[in-house]
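Here is the structure we will look at, set down as structure tokens.
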2 protein chains.
Amino acid sequence: MGRKRTKSGKIRLAEVAELAGVSPITASRFFRNPEALSVAKRARVESAARELGYVPNLAARALASQRTEVIAVLIPSLTNNVFSDVLRGIYDASEGGRYSIQLSNTRYSILQEERLLRLFLAQKPAGLIVTGIDQTAESRAMLEAADCPIVQIMELGPAPVDMMIGFSHYEAARAAIAHLFAQGCRRIGFVGARMDPRVQRRLDGYVSAMKDAGLFDQHLLVTTATPTSVTLGGTLFADLLGREPNIDAVFCANDDLALGVLFECRRRDIIVPDQIAIVGFNDLEFMASAVPTLTSVRTNRYEMGRAAATMLIEAIEGRRPEQPVLDLGFKVIERQSSLAQRADSQPALSGMAAGRTK
Amino acid sequence: MGRKRTKSGKIRLAEVAELAGVSPITASRFFRNPEALSVAKRARVESAARELGYVPNLAARALASQRTEVIAVLIPSLTNNVFSDVLRGIYDASEGGRYSIQLSNTRYSILQEERLLRLFLAQKPAGLIVTGIDQTAESRAMLEAADCPIVQIMELGPAPVDMMIGFSHYEAARAAIAHLFAQGCRRIGFVGARMDPRVQRRLDGYVSAMKDAGLFDQHLLVTTATPTSVTLGGTLFADLLGREPNIDAVFCANDDLALGVLFECRRRDIIVPDQIAIVGFNDLEFMASAVPTLTSVRTNRYEMGRAAATMLIEAIEGRRPEQPVLDLGFKVIERQSSLAQRADSQPALSGMAAGRTK
DNA sequence: AGGAACGTTGACAGCGCTACCAGCTAAGAC
DNA sequence: GTCTTAGCTGGTAGCGCTGTCAACGTTCCT
């Protein structure tokens, strides 16, 4: 008969109920839907729980209720500053609530993503945040079949699985190039690393803008699958210069690369922006502080994470947003590194071009 | 009698057992301790599980076994590059194994940390990774009482709760200052932000080194509780210069500040290192790429995370390390920004001073 | 006053898995 | 040949909580 499992002396819901003088189920309701209790019992259960230091057993709750209070998050990288901002937004928005975040790293592999998705979905998460719109067909099918709200973040696309928060990398890149055109630049190089889908779309935007102006030239492109870094920015730029010495601007797929380009210019005594203009992407904090200050395309990463988690939690709790797709837009923050006319003026946020798709 | 909960059509362990022609408990054992089964049954269960696409229900497992396979990680910040490296190490080491990572952010508050600790511990994690050695008395007591392995990371201290992996921030700072002394610097400023316990200990190391040399001066210190940033590095340095125009070096509590100082020097046409030497801390990737290249104290952040998770998992599985405290050391990476004699030479990693406490 | 409607409470069973222990078989010891 | 030991397998009984539904008491309506 009975076994001798260590009882562990833990406070269970039954103890709380007993002290409060109610049935266990009433105590249970107190934690899930306090409004359903009479004011008197609510107070009794609350004080009993506090007195005993009750902490619910999540495993038991998950088993009995057939759902968890876990929000699963799939991102491609932990190193990339971009994602740490997004994550901070997600964690901030979930803080204090009942949901806990389960984070996993796909390492930019959609197969890895598929594997993780299968794993997560089996645990019936309350909600899911996935990066981007490029999933395997299998992943896509699992997402469609999942019975929890899902938010896709980082970019926009034609067919959201459920909800979607991002901006158009394509349009953002076009806006950056338009800005360079406005400064009189014509031979604009492109420097990109990693070449994940979002960088690829920035490249597409660059290519289309250049083609529209009749200025596209294959030789202006330097890309690599290598993960991005400041040092790599310098290296790629050196490659580009070796091949095309008379470029007048460089559009970098991210800010690390841009900083690397800036340092390489300094190393070669190339004056920025007089000889070469530089534009980055993301507007990380250091861009405003560099000498010269660096132009970049500002993206709302923290806000994206925050909005994604907030929207997801709302949806989990049954309040679906009236607008399931959210375009957070971007802004070209014009700084010294690309303002040909007034290169020597004060470091200033002299103007901007903002964009919002559709 | 019976209720009508949605059976969800999920594959349970019982289904696998039935298909394999064994009892559920045998199937259960297959997943926990395959060696205990005969080879024949092992193969049968394995193929049955694969055929049905069985995924274990973690909640049921946790409830029945009274323990989870979750490693809880408490770190103070998600933004800080330092922690993203550590985290990457932790995630890499846990990948492919049975343990999942539950991450939480204390925001540099030990009260917040205490709250999270209480929350996590109630769910009986398999293991725990906490940052630093400055916990509240209450937290400390909870950690001591916890019945799972615990690793403290980021620094070393006299009384580990259990295991500990880090290095001496105090000695690392002293080594940085010793390097500057060796370059002939005497009026060495200190720039620090956030002033969390580890930055504080770097400051302590700086102070002690300066006092040892009879060169300490309260006015050489600029610190703030504000979170760190590149821009802030410039601002703090400007403060310092305003007060003490004739300093000959700056030791920055981290690399972001150092980069800000470098930009501020450039803005003011101060030649680095001829007029002022700069030393940072952590050796982030961009330090080697800056112009001039920036000296920094290299810390093994990725390795720290990796070792912490590896050691923790080993301990969880009963293989306690023979050496529970691991000093990962540091290295002063000497670069142009602090090499007075050969400021114009090639960017080189000309030499280094390594340190390991005790 | 009778009945409907509502708000509140509790009994019961079981979510899917594993700890414990007993039993069974085959191999080795004497 | 019997006894012991080891290796493997299975039965039983929950782990702590919640879904379902019935029952209760109260209020409000006609």
Side-chain angles (χ1 to χ4, degrees), chain A residues 1-45 48-49 52-69 98 122-124 126, chain B residues 1-45 48-49 52-69 98 122-124 126:
Chain A
M1 62 209 64
R3 59 171 157 184
K4 284 169 225 105
R5 284 197 190 177
T6 47
K7 258 285 160 34
S8 81
K10 268 291 166 185
I11 306 300
R12 297 194 317 278
L13 190 55
E15 271 84 56
V16 176
E18 191 179 10
L19 179 61
V22 300
S23 74
I25 189 65
T26 301
S28 167
R29 260 191 284 266
F30 168 77
F31 293 100
R32 289 174 292 143
N33 184 17
E35 286 74 29
L37 299 203
S38 63
V39 188
K41 302 223 165 175
R42 201 183 308 170
R44 291 235 299 283
V45 176
L52 296 172
Y54 172 71
V55 183
N57 181 321
L58 265 38
R61 180 179 286 177
L63 180 59
S65 68
Q66 294 288 69
R67 55 198 166 69
T68 62
E69 288 174 342
R98 56 199 307 154
Q123 306 310 326
K124 302 185 212 277
Chain B
M1 62 211 64
R3 56 170 158 186
K4 285 168 227 110
R5 283 194 190 179
T6 46
K7 256 284 160 32
S8 81
K10 266 290 155 148
I11 305 301
R12 298 196 316 279
L13 190 55
E15 270 86 54
V16 176
E18 190 178 10
L19 179 61
V22 300
S23 74
I25 190 65
T26 301
S28 167
R29 261 191 284 265
F30 168 77
F31 292 100
R32 289 174 293 141
N33 183 19
E35 285 75 28
L37 299 203
S38 64
V39 189
K41 301 224 165 175
R42 203 185 306 172
R44 289 234 300 283
V45 176
L52 295 173
Y54 172 70
V55 182
N57 180 320
L58 266 38
R61 180 180 285 178
L63 181 60
S65 68
Q66 294 286 69
R67 56 200 162 66
T68 61
E69 286 174 344
R98 57 198 304 152
Q123 307 310 326
K124 302 183 210 278

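In the text below, chain A, chain B and the rest are named by the order of the sequence lines, each starting its count at 1.
Among the heavy atoms of the strands, none lies under 4.0 Å from B:F30. Looking at heavy-atom distances under 4.0 Å, A:R42 makes no contact with the nucleic acid at all.
The stretch residues 32-41 of chain B touches DNA chain C through B:R32, each having a heavy atom within less than 4.0 Å of the strand.
With contacts defined as side-chain heavy-atom distances shorter than 4.5 Å, the pair B:L37/B:R29 qualifies.
Nucleotide C:dC17 holds its P atom 14 Å from the CD atom of B:E18, rounded to whole Å. Here the P atom of nucleotide D:dC17 and the CZ atom of A:R67 are 15 Å apart, to the nearest Å. When rounded to the nearest whole Å, the span between CG of A:L13 and P of D:dG16 equals 11 Å. One atom, CD of B:Q66, and another, C1' of C:dG16, lie 14 Å apart when rounded to the nearest Å. Distance NZ (B:K124) to P (C:dC17): 20 Å, rounded to an integer number of Å.
With a 6.0 Å radius and a threshold of 12 heavy atoms from other residues, nucleotides or ligands, A:R42 has its CZ atom above the threshold.
Contacts classified as salt bridge (charged side-chain N to carboxylate O under 4.0 Å, His left out) and involving residues 13-26 of chain B (residues at least two apart or in different chains) are given here: B:R12-B:E15.
The nearest pair of heavy atoms linking A:R61 to A:S65 is O-OG, 2.7 Å.
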